[in-house]
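A quick write-up on the structure given underneath.
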Amino acid sequence: MIIATWNVNSIRVRLPQVLDWLAQHKPDILCLQETKVIDSDFPQADFAAFGYQAALNGQKTYNGVAILSRTAASALQTELPMLDTEQRRLLAATINGTRVVNVYVPNGESVESDKYQFKLKWLRALRSYLAQELATHRQLVLLGDFNIAPEPRDVYDPKTWEGHVLFSEPERAALRGLAETGLVDVFRAFPQPDASYTWWDYRQGGFRRNHGLRIDHILVSAPLAAYCRRCIIDKEPRGLERPSDHAPVVATFD
DNA sequence: ATGGCTTGAGTGTCAAGA
């Protein structure tokens, strides 16, 4: 089984790249973030032609998440309990007996911003939702764009980034809090190249200079982690014409 | 140095991303 996550920064713009990528990698499940379309505008027919069905939680212009899968997705959840927001950032589904929780965590803008407080609040709500889900699902994967780099080695210039949004201690503590519910960052379960990142700024040649951050993650419950054989960041699409600023992360299970 | 790209909205130029 192959499960992947990719912040595509507009499914309209990235559709040809996503279809190519599906044909190349044939994942069982691909979770998307920042689709930026309402559900009726999501190109479902294009994915159906490639053998994928789509579960959707979209909105106009901003946010929007989707789960593409070869087999049916059931028990869809689109809201975080205890959090009242119009922002479409979560989609959970059960696929082949695995609970898949796809998230697009708020960016936070800056540590001084109200949006930063909302980010922390969103993460608290996610943690309590996750505890609930883990009580009923042994095989669970929480994946997506977390907008948090866990450790200095996940940041190209950790001294400059320390304390800034995406790499501040409260955010990192919140990310550890999610893991403490019993999840494993499967990327770090395997040897990885130094300076492995999933996001590079469009400006100032960020990708060319490998000025990036590792902020997209695949966190897996222990029973499922036991079956994980591989986890990689696929940098290839980031080098294409008109790329998303994020790269896909791909986990393979026996 | 608050800029540097990209997208979506809407047809001006700005918000939002990270």
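What you see below is based on every heavy atom in this structure, not just the backbone, and it leaves out hydrogens, waters and symmetry mates. So that the names make sense, note that chain A is the first sequence line, chain B the second, and so on, each numbered from 1. This structure is a prediction, so every number in the text was calculated from the model and none was measured.
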Rounding to a whole Å, what distance do you find between [X]:[atom1] and [N]:[atom2]?
X: A:Gln59; N: B:dA16; atom1: CD; atom2: C1'; result: 12 Å
X: A:Tyr197; N: B:dA18; atom1: OH; atom2: P; result: 18 Å
X: A:Asp201; N: B:dC5; atom1: CG; atom2: C1'; result: 7 Å
X: A:Asp245; N: B:dG17; atom1: CG; atom2: P; result: 12 Å
X: A:Asn147; N: B:dA16; atom1: CG; atom2: P; result: 15 Å
X: A:Arg88; N: B:dA16; atom1: CZ; atom2: P; result: 18 Å
X: A:Asp216; N: B:dG17; atom1: CG; atom2: P; result: 15 Å
X: A:Gln33; N: B:dA18; atom1: CD; atom2: P; result: 10 Å

(message) Can you list everything that forms a ring pair (Phe, Tyr, Trp, His ring centres under 6.0 Å) with A:Tyr52? Sequence neighbours excluded, please.
(response) none
Given the [atom1] atoms of [N] and [M], what is the spacing between them in whole Å?
N: B:dG8; M: B:dT2; atom1: P; value: 28 Å
N: B:dC14; M: B:dG10; atom1: C1'; value: 11 Å
N: B:dG17; M: B:dG3; atom1: P; value: 16 Å
N: B:dG4; M: B:dA15; atom1: P; value: 14 Å
N: B:dA18; M: B:dC5; atom1: C1'; value: 12 Å

(message) Between A:Asp39 and A:Arg88 (salt bridge meaning N to carboxylate O under 4.0 Å), is one present in this structure?
(response) no
(message) Check this for me, if you would: do A:Lys60 and A:Glu86 make a salt bridge, where the nitrogen-to-carboxylate-oxygen distance has to be below 4.0 angstrom?
(response) no
(message) Check the phosphate of B:dA18 against A:Asn7, side-chain N and O only, distance under 4.0 Å to OP1 or OP2. Yes or no?
(response) yes
(message) Taking 4.0 Å as the cut-off, does a side-chain nitrogen or oxygen of A:His211 come that near to OP1 or OP2 on B:dA18?
(response) no
(message) Within the 4.0 Å heavy-atom criterion, would you say A:Tyr104 contacts the bases, only the backbone, or no part of the nucleic acid?
(response) sugar-phosphate
(message) Under 4.0 Å, counting only non-hydrogen atoms across every strand here, what does A:Arg89 touch: a base, just sugar-phosphate, or nothing?
(response) sugar-phosphate
(message) Quick check: on DNA chain B, is the nucleotide nearest A:Gln204 upstream (toward 5') of the one nearest A:Ile215, or the reverse? Name the residue that is more 5'.
(response) A:Gln204
(request) Return the orientation label for the A:Tyr156 and A:Trp161 ring planes: parallel under 30°, perpendicular over 60°, tilted otherwise. (result) perpendicular
(request) Measure the acute angle between the ring planes of A:Trp200 and A:Phe207, then classify it against the limits of 30° and 60° as parallel, tilted or perpendicular. (result) perpendicular
(message) If we ignore hydrogens and angles and just use 3.5 Å, is the side chain of A:Asn102 paired with the main-chain N or O of A:Val65 as donor and acceptor?
(response) no
(message) Below 4.0 angstrom, which residues in residues 107-118 of chain A have at least one non-hydrogen atom near DNA chain B?
(response) A:Asn107, A:Lys115
Sub-3.5 Å pairs of nitrogen or oxygen atoms, protein against nucleotides 7-10 of chain B:
| unit_1 | atom_1 | unit_2 | atom_2 | d |
| --- | --- | --- | --- | --- |
| B:dT7 | OP1 | A:Arg14 | NH1 | 2.9 |
| B:dT7 | OP1 | A:Arg14 | NH2 | 3.2 |
| B:dT7 | OP2 | A:Arg242 | NE | 3.4 |
| B:dT7 | OP2 | A:Arg242 | NH2 | 3.0 |
| B:dT7 | O3' | A:Ser10 | OG | 3.4 |
| B:dG8 | OP1 | A:Ser10 | OG | 2.3 |
| B:dA9 | OP1 | A:Thr61 | OG1 | 2.9 |

(message) Per the salt bridge (Lys or Arg N to Asp or Glu O under 4.0 Å) rule, what does the pair list look like for residues 232-254 of chain A, sequence neighbours excluded?
(response) A:Arg229-A:Asp254
(message) Does anything in residues 89-104 of chain A form a salt bridge (Lys or Arg N to Asp or Glu O under 4.0 Å)? List the pairs, not counting sequence neighbours.
(response) A:Arg99-A:Glu133
(request) Determine whether the side chains of A:Asp216 and A:Thr198 contain a donor N or O and an acceptor N or O closer than 3.5 Å. (result) yes
(request) Output all residues satisfying salt bridge (Lys or Arg N to Asp or Glu O under 4.0 Å) with A:Arg153, sequence neighbours left out; order by chain, then residue number. (result) A:Glu151
